[in-house]
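Note sheet for the following structure.
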Amino acid sequence: MVNLGFSIGDLQFKNPVLTASGTFGYGQEFDDFLDVSRLGGIVVKGTTLEPREGNLYPRMAETPSGMLNAVGLQNKGVDYFENSIYTRIKSYNTNIIVNINGSYIDDYVNLASRINKLDKIPAIELNISCPNVKKGGMAFGTNPRSAREVIKAVRAASTKKLIVKLSPNVTNIVDFARIAEEEGADSISLINTLLGMSVNVQKMKPALSTITGGLSGPAIKPIALRMVWQVANAVKIPVIGMGGIMTASDALEFILAGASAVQIGTASFIDPQASIKILEGIEKFLNQKGFSDIREIVGFINHKS
Amino acid sequence: MVNLGFSIGDLQFKNPVLTASGTFGYGQEFDDFLDVSRLGGIVVKGTTLEPREGNLYPRMAETPSGMLNAVGLQNKGVDYFENSIYTRIKSYNTNIIVNINGSYIDDYVNLASRINKLDKIPAIELNISCPNVKKGGMAFGTNPRSAREVIKAVRAASTKKLIVKLSPNVTNIVDFARIAEEEGADSISLINTLLGMSVNVQKMKPALSTITGGLSGPAIKPIALRMVWQVANAVKIPVIGMGGIMTASDALEFILAGASAVQIGTASFIDPQASIKILEGIEKFLNQKGFSDIREIVGFINHKS
Amino acid sequence: MSKRIEDLKVIGNKRLNDDFFIIELTGEQKLPDFKPGQFAQVRVDGSPDTFLRRPISIHEVDLGRNTFKLLIQIAGKGTETLSGLKNGDMLNLVYPLGNSFSLPAENEKVLIVGGGCGVAPLLFLGKYLKSNGHTPDILLGFRNMERIIEYEQYLKIGKVFLTTEDGSMGEKGYVTDHSVLTNSTYERVYCCGPDSMMRAVAVWCKKNNINCEVSLENLMACGIGACLCCIVDTVKGNLCTCIDGPVFNTTELKW
Amino acid sequence: MSKRIEDLKVIGNKRLNDDFFIIELTGEQKLPDFKPGQFAQVRVDGSPDTFLRRPISIHEVDLGRNTFKLLIQIAGKGTETLSGLKNGDMLNLVYPLGNSFSLPAENEKVLIVGGGCGVAPLLFLGKYLKSNGHTPDILLGFRNMERIIEYEQYLKIGKVFLTTEDGSMGEKGYVTDHSVLTNSTYERVYCCGPDSMMRAVAVWCKKNNINCEVSLENLMACGIGACLCCIVDTVKGNLCTCIDGPVFNTTELKW
Ligand SMILES: Cc1cc2nc3c(=O)[nH]c(=O)nc-3n(C[C@H](O)[C@H](O)[C@H](O)COP(=O)(O)OP(=O)(O)OC[C@H]3O[C@@H](n4cnc5c(N)ncnc54)[C@H](O)[C@@H]3O)c2cc1C
Ligand SMILES: Cc1cc2nc3c(=O)[nH]c(=O)nc-3n(C[C@H](O)[C@H](O)[C@H](O)COP(=O)(O)OP(=O)(O)OC[C@H]3O[C@@H](n4cnc5c(N)ncnc54)[C@H](O)[C@@H]3O)c2cc1C
Ligand SMILES: Cc1cc2nc3c(=O)[nH]c(=O)nc-3n(C[C@H](O)[C@H](O)[C@H](O)COP(=O)(O)O)c2cc1C
Ligand SMILES: Cc1cc2nc3c(=O)[nH]c(=O)nc-3n(C[C@H](O)[C@H](O)[C@H](O)COP(=O)(O)O)c2cc1C
Ligand code: FES
Ligand code: FES
C-alpha cells in the first residue's frame, strides 16, 4: 500500500488529485461517471456574492491541444449555493473547496465570511486570476499591490484554510506566490488560464463574444509546469499544480517538479473519469518505482543527488 | 492579381510571409525545398558578437502541439556571419534581416554597428526576448527600463530599419510595444517563445539540460494572437505576428487581428515548405473573398461595421 | 437514465453523398433506453486538430439488435476523421446526453421540420412518434436534389413534403416557403436544422400559435453541464444546451 | 543529392516481433541514390501526441523496384501509430538526410556491430559493402533469442557473431564481451545501437587503435540543420547530428 495523502496545515487530503474550479460543476454532474468521494477534493464552480449570468455566447473555441473559454463566472450566487447546492453535496466524503470571486475587495470579504459559516467546507480557493470578467478577477492577480490587499483582507475574514489561486499572466509568478505566503495563505494553486484569443477566419471575426478568453488544456502544460516549479522552489507552503493535466504522467510531471497535489481541469470535459484514472495511474507509478509514500517524489527533480 | 506587399517605412516587402529567426537557418538550409527569393523576407539565426556554443544537450522536448527548445543562441558570431554567410546569401532576392542579441547593451550596440555596414541587410530585428540565455536576452525584454535603454541605444547605432522583437513572458505586452515605438522602432515583431518546462517522468528528471526552455508551435498560437491583437491596437508602426502559425488560416488569424505580416517559425521543422504553402494559401483566401489588396484585411476584426 | 462512457464498436459506415455518412455502433453491454432528441459526445481519436469531443444526435435505434446509428455531416476535421471509420474500429462515446422532444397529446396534428443535417435527430423522433400511435407530417428542406437524404425512411412514417433551394425536387425555396404551411392546422411542430431555418420556423409557429420545439446545436465542450460553454439565452436566464436542451420549446427562447 | 519532401506509398508492413516492424515504401518519382547511414524524417499523421517528425534510418533499398524499407522499433506514441500503417496508406517523408558511413579501403578488415534497433542502418551498410567487394564480419547483440531480428539477412553478407544478454543464443553478455573481439585484427568498425553500447565499442576501438564510426540517435526537431537541437559535443565544437552526422568517427567525439 502506497501512502497518497497530503495535507495543508492540519487539513488532510486522502490523495493528491483534486478537480479544478469551473470544470467539475459541483461534483454532482459527474455522479454517473465516478464516485466523487474517491477524489482528494473537489473545488467547486467559481462563486460570487450575487448571481451572475456570465458572458454572451459564443464562450468557447477549440485550439490546438486546448480550448479557450469566456464563461465569465456564471453562477447562481452564494445564497443559492448555500441553500440548494451545499445541502446536497456536503455529504460527499471528500474535501469540498469553494472558489471565491469578486469585483471589489469587499465582495471577496463578504463571500469569505459567508463561506466561513459552512461547516463542511474546510477551505476556500481565492481566485484572483479569472481573465474573463471586466472588473476584479485577473486585475487583482496581476498587480502585486492589489493582490496583497485582497489576500490580506480575505485572510482576516476567514478561518478556513486559504488557498490562493494565481494568474499565469504575469512577468514573475514568484512575486505573487511570495506575497500570498507572506499574507498567511496556507497553500498556493496555479495556474489559472492564460489569456488567449482565436479568430474565425471564414467569418472574419473573433471566435469568442468577448474576443479574448482563457486558454486551458495540454497546450499550456509546459508553461504551467515551469511556473509550478518556480513557485514550489520559492515558498514553503504546499503548492497545488494544474494546467493541461490529462494523464497520470502529466500529473507526475507536476509532482516531480514540486507540486504536493494537482487539480484536473479541462481533462474532465474530454473524459469525465479522467481524475480517477489519473489517481490510479499515480498509484501504479509509485508501486512500479518502489516508493511507499508520494511525498518521496514531491519535488524529486530538485533533489541534489 | 492580389497585392500582397507591405512596407516598414520605405522598406518594401513583396509579401507578408517571413521566416522566423532560429527556425530557418540562413535560408540555405531550405534551398532544396523552396526558392527563398519568393519569401517576403528571411530573419536569420540569432547572431551575437562573439561565437557561442549554446546550451548542453538535450535542448529539445516535444510537448502537446508544440516543442520546447533551449538552443541558447548557438552561432558562429558576427565575423563569421560577415565573412562566410553574408557573402553567400546577399544575392537572395528578398529582404534579409539579422536578429541581434547580446548580454550587455554594448554588445547590442557593437553588433548593430557592424550590421549597419552590410549593404544588403535592410533591417535588424532586436531580440530582447530570448529565454534561453543566462545573461541578457529575456531580462531586457521583461523589464520596461532596460528594454527602453537597449532599444534607445540600438536605435542610435543603426540606420537600418529597426524591428523590436518582444517577449511574451510579461504582464502587459502593450507597455513594451509602446516603449519600442517611442524609442523609434520601425516595427514590432512578436511573440518570441514562452518560458516552459517538461519533465521526463520515467527518468524522473527535467527533459532539458537547462530545465526550462522556450515553448513554440501551435500550442502558443492563442496567446500569440491575443498579444498581437493588443499590440496592433496600441501602436501605429507595423506589427509582425508569429507564434504557432502552421497554415494559411493561422496566418490569416494574425492578419485579421492586426498584423501587417507574419513570421513562420516551428512550422518549417514539420514542413520545410510551410512558408511558401502559407503564402499561397493567403493569396487564395484573398481571391476567394474578393479582396485585391491584403491591406484591406489587416485588422479587419477591429473595423467598426 | 444514467450517462456512461463506453467504447462502442463500429459495425457500419455508409456514405450517403459527398457530405453525409451513417455510422452504426454496437456495444457489449445492453444499450440504454434512448429518447428522441438525445445525443452523444463522440471522441475523435487520431486527429491532432480535434481536442474536444463532437456532439452528434442519436439518429436511429434498434434495441433488438442492440445497435444504433449516427448520421453525420462532414463539417470539418473531426467529422472528416470520423468518416474514415472502418468496421471493427472502436469509438469512444459519452452518452446518452440531453433532454428529449416531448410527446404530443393524442390526436394532436404534428409536423416535423428538418433541413440539412437537422434531419439527424428527427428520424428517431418520427419513428418514435409512429410507434406511439402518431402520424406526423414531415417537411424537409435541402439545397438541391443531390443532397436529399433519407427520403424513403421518412415516407414510412408519414406524409413527406419537400423543398429544395433550386427547385430540383419538391417545391422551390426554403421550408418556410412551402405551400403546406399556408392553410395549416398543425398544433405542434418539431424542428431541427440550421439556425436561420429554426428561427424562421419559430416565427411562423408563433404567428400561428403553434407549439414548437427546436433542437439547438450550440458549441459544446463537456456535454454534461460542467463547463457552461453551451448556453442559450432564455426567459429563465442562461440555460445549458447540453443538459437543459438540446430541445427547447421556442416560448422559452428569446428569439 | 538533394533533399525532398514527398508522399510515399506504403506497400508493406511486416511485424517482426512485439517491438519491431518493417515498412516498405515506394514513390511515383524515381527514388534518390541513398547512401548507407542516411535517414528520413517521417511525419506521423493522425496522432495528437506527435507534433514533430520522427527520424528513421534507411534500412534496405531496392532501386530496381524503386522501393526501400524502414525498420522501426515501437518506442512510444509515434512509432506505435506507424506500426498500424496499411498497404496503400501514404507516408510523408523529408529525405534523404544526413551524411553516411565512409567506405573502407580495399582489403581493410571490417566489423559491423549492432544492437537492438541499431541494426536498422547496418543492413543497408552491409549490403552496400558487400556489393562494393568487401566481406565484413558482423557482430549483433540482443536482449534474448526472441528479440533477434534479420539474422538470415546478415548471414548473406558475412560471418555473423551473436550475443544475447541471457545467453539464449550466441554468447552470453553484451557485444563487447564477445570472444571475437579478444584477438581481433579488425581495422575498421561500424557501430549503431544504444548509446551505452556505442560508447563501450568506441572505448574498445580506441584501446585497440581501430577506426570506428558510430551512428548517433540524438533527439531531432528539423533534421535539416535549421534548429540546432540535435547537437553533439565534438572536438570541433557542437555539430549537428542531422547534417554533420548521424555518422561520426569516434575520434571526433568527446567520448
Ligand atoms: C446537440 C448537438 C447535436 C448534433 N448532432 C449532429 C448530428 O447528428 N449530425 C451532425 O452531422 N452534426 C451534429 N451536430 C453538429 C456537430 O457537432 C458539428 O458539426 C461537429 O462538431 C463539427 O466538428 P468538426 O471537427 O467536423 O468541425 P470543426 O472543424 O470543428 O468546425 C466546423 C464547423 O462546425 C462547428 N462546430 C465545431 N464544433 C462544434 C460543436 N462541438 N458543436 C456544434 N458545432 C460545432 C464549428 O463552429 C464550425 O462551424 C450536433 C451538435 C450539437 C450541439
Ligand atoms: C538519425 C536517427 C535515426 C534513427 N533510426 C531509427 C530506425 O531506423 N529505427 C527506429 O526504430 N528508430 C530509429 N531512431 C529512433 C527513433 O527516431 C525514435 O525511437 C522515435 O523518434 C521515437 O518516437 P515515438 O513517438 O515512438 O516515441 P516517443 O513517445 O516520442 O518517445 C519514446 C522514446 O524515444 C525517444 N525519442 C523521441 N523522439 C525522438 C527523436 N526525434 N529522435 C530520437 N529519439 C527520440 C524519446 O526520448 C523517448 O525515450 C533514429 C533516430 C535518429 C536520430
Ligand atoms: C470552462 C472553464 C471554466 C473555469 N472556471 C473557473 C472558475 O470559475 N474559477 C477558477 O478559479 N478557475 C476556473 N477555470 C480555470 C481552471 O480551474 C484551471 O485553472 C485551468 O483550466 C487550467 O487547468 P486545465 O488546463 O487542467 O483546465 C475554468 C476553466 C475552464 C476551462
Ligand atoms: C529552435 C528555435 C530557435 C530559435 N532561435 C531564435 C533566435 O535565435 N532569435 C529569436 O529572436 N527567436 C528565436 N526563436 C523564436 C522564434 O523565432 C519564434 O519567435 C517562436 O518560435 C514562435 O514562433 P513559432 O511558434 O512559429 O515557432 C527560436 C525558436 C526555436 C523553436
Ligand atoms: S457543453 Fe459543457 S455545460 Fe454544456
Ligand atoms: S535536428 Fe534540427 S539541426 Fe539537427
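We use all heavy atoms of the structure for the numbers below, so side chains are in, but hydrogens, waters and symmetry mates are not. Residue numbering restarts at 1 for every chain, and letters A, B, ... go by the order of the sequence lines.
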Identify which part of Ile223(B) has an atom lying under 4.5 Å from any heavy atom of chain A, answering side chain, backbone, both or neither.
both
Mind listing the closest non-hydrogen atom pair of Ser65(A) and Ser65(B) along with its distance?
OG-OG, 2.5 Å
Taking a cut-off of under 4.5 angstrom between non-hydrogen atoms, the residues of residues 197-216 of chain B near chain A are Met197(B), Ser198(B), Val199(B), Val201(B), Gln202(B), Met204(B), Lys205(B), Pro206(B), Ile211(B), Thr212(B), Leu215(B)
From Asn169(A) CG over to Asn172(B) CG, what is the distance, rounded to the nearest 0.5 angstrom?
11.0 Å
When heavy-atom pairs shorter than 4.5 Å are enumerated against chain A, which of Pro218(B), Ala257(B), Gly66(B), Gly217(B) gives the highest number?
Pro218(B)
Which of Gly196(A), Ser167(A), Ala61(A) touches chain B most, by non-hydrogen pairs under 4.5 Å:
Gly196(A)
When you measure from the side chain of Thr142(A) to the backbone of Thr171(B), do you find a donor-acceptor pair of N or O atoms at a distance under 3.5 Å?
no
For chain A, which of Leu225(B), Leu195(B), Ile301(B), Asp250(B) has the most heavy-atom pairs under 4.5 Å?
Leu195(B)
Examine whether an atom of Leu256(A) lies under 4.5 Å from a heavy atom of chain B, and if so say whether it belongs to the side chain, the backbone or both; otherwise answer neither.
side chain
I'd like to know if the side chain of Thr63(A) and the backbone of Pro222(B) have a donor-acceptor N/O pair within less than 3.5 Å.
no
Residue part contacting chain A, namely of Phe254(B), when any heavy atom lies under 4.5 Å:
neither
